[in-house]
Amino acid sequence: MSVFRFGQHLIRTTQIFFQSDLSVAFVNIKPVVRGHVLVSPKRLVKRFKDLSRDEITDLFVSTQIIAEKIESAYKGTSCTIAIQDGPDAGQTVNHVHVHILPRKPGDFEENDQIYSELNAHSKSVALDSTRSDRRTEEDMGEEAASLAKLFVSTK
Ligand code: AMW
């Protein structure tokens, strides 16, 4: 895969750390917590209801494999796994994606605060055209390269 078209965005290969037959995982340009990554179907599908059964299976098996590795790589004790499916659920990128966020005890004052943070951060990424608080390609490339070592490629 050269570049991955993620809705309106282009994801460079250097951001990608995992690929299966039908899914791809990449590091986040503006993570809510360290290790916040995204898993998407390769096909540009806007809503969860539009995925085929094969894509759902591949997406969730990939999510399970990745979440386990990410939790341990970032020394988490749990994971928040979330899909914002549709604009009124906070989806800002028109391409299905699963958020994986490693969690630690006391990482937020209120446990479910992560959902408001997730919602606020997605909106700010969508609105911020200056890219001022986004990560550099180099920074994302380093994280993806180190995560890629955790996975035996199936693709
Ligand atoms: W959604 O609000 O659609 O549930 O989440 C969109 C996610 O995509 C956010 O976590 C946001 O930081 C991330 N994102 C947006 N553009 C890029 C990009 N170019 N590279 C990596 N992640 C991105």
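Being a predicted model, the structure only gives us computed values, none of them experimental. Counting convention: from 1, in listed order, for ligands and their atoms alike.
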Please state which part of Met140 comes within less than 4.0 Å of ligand 1, counting heavy atoms only: side chain, backbone, both or neither. neither
Salt-bridge criterion met for Arg135 and Glu143 (N-O under 4.0 Å): yes
Side chain or backbone, does Gln91 bring an N or O within less than 3.5 Å of an N or O on ligand 1? no
Who's closest to atom 13 (C) of ligand 1 heavy-atom-wise, of Thr92, Asn28, Leu10? Asn28
Determine whether the aromatic ring centres of residues His9 and His95 are separated by less than 6.0 angstrom. no
Polar contacts were defined as any N/O atom of the residue lying under 3.5 Å from an N/O atom of the ligand; does this apply to Ile29 and ligand 1? yes
Within ligand 1, which atoms have a heavy atom of Gln84 less than 4.0 Å away? 1 (W), 2 (O), 4 (O)
List every atom of ligand 1 that sits less than 4.0 Å from any heavy atom of Gln15, numbering the atoms from 1 in the order shown and giving each element. 20 (N), 21 (C)
Calculate, to the nearest 0.5 Å, the distance between atoms CD and CD1 belonging to Gln64 and Ile81 respectively. 8.5 Å
Where does Leu38 meet ligand 1, judged by heavy-atom distances below 4.0 Å: at the side chain, the backbone, both, or neither? side chain
Going by the order shown, which atoms of ligand 1 are within less than 4.0 Å of some heavy atom of His97? 1 (W), 3 (O), 4 (O), 5 (O), 6 (C)
Ignoring angles and geometry beyond distance, decide whether Phe6 reaches within less than 3.5 Å of ligand 1 through its nitrogen or oxygen atoms. no
Using only heavy-atom distances, determine whether the side chains of Lys46 and Gln91 contain a donor-acceptor pair under 3.5 Å. no
Atom CZ of Arg12: over 12 foreign heavy atoms under 6.0 Å: no
Val27 heavy atoms within 4.0 Å reach ligand 1 at atoms 21 (C)
For His121 and His99, take the angle between the two ring planes, folded into 0 to 90°, and tell me which bin it lands in: parallel under 30, tilted 30 to 60, perpendicular over 60. perpendicular
For Glu55, the option from Lys42, Arg47, Arg43 that meets salt bridge (Lys or Arg N to Asp or Glu O under 4.0 Å): Arg43
Answer yes or no: does an N/O atom from Val93 fall short of 3.5 Å to an N/O atom of ligand 1? yes
Is the ring centre of Phe17 less than 6.0 Å from the ring centre of Phe26? no
For Ile11, the ligand 1 atoms with a heavy-atom partner under 4.0 Å come out as 18 (C), 19 (N), 20 (N), 21 (C)
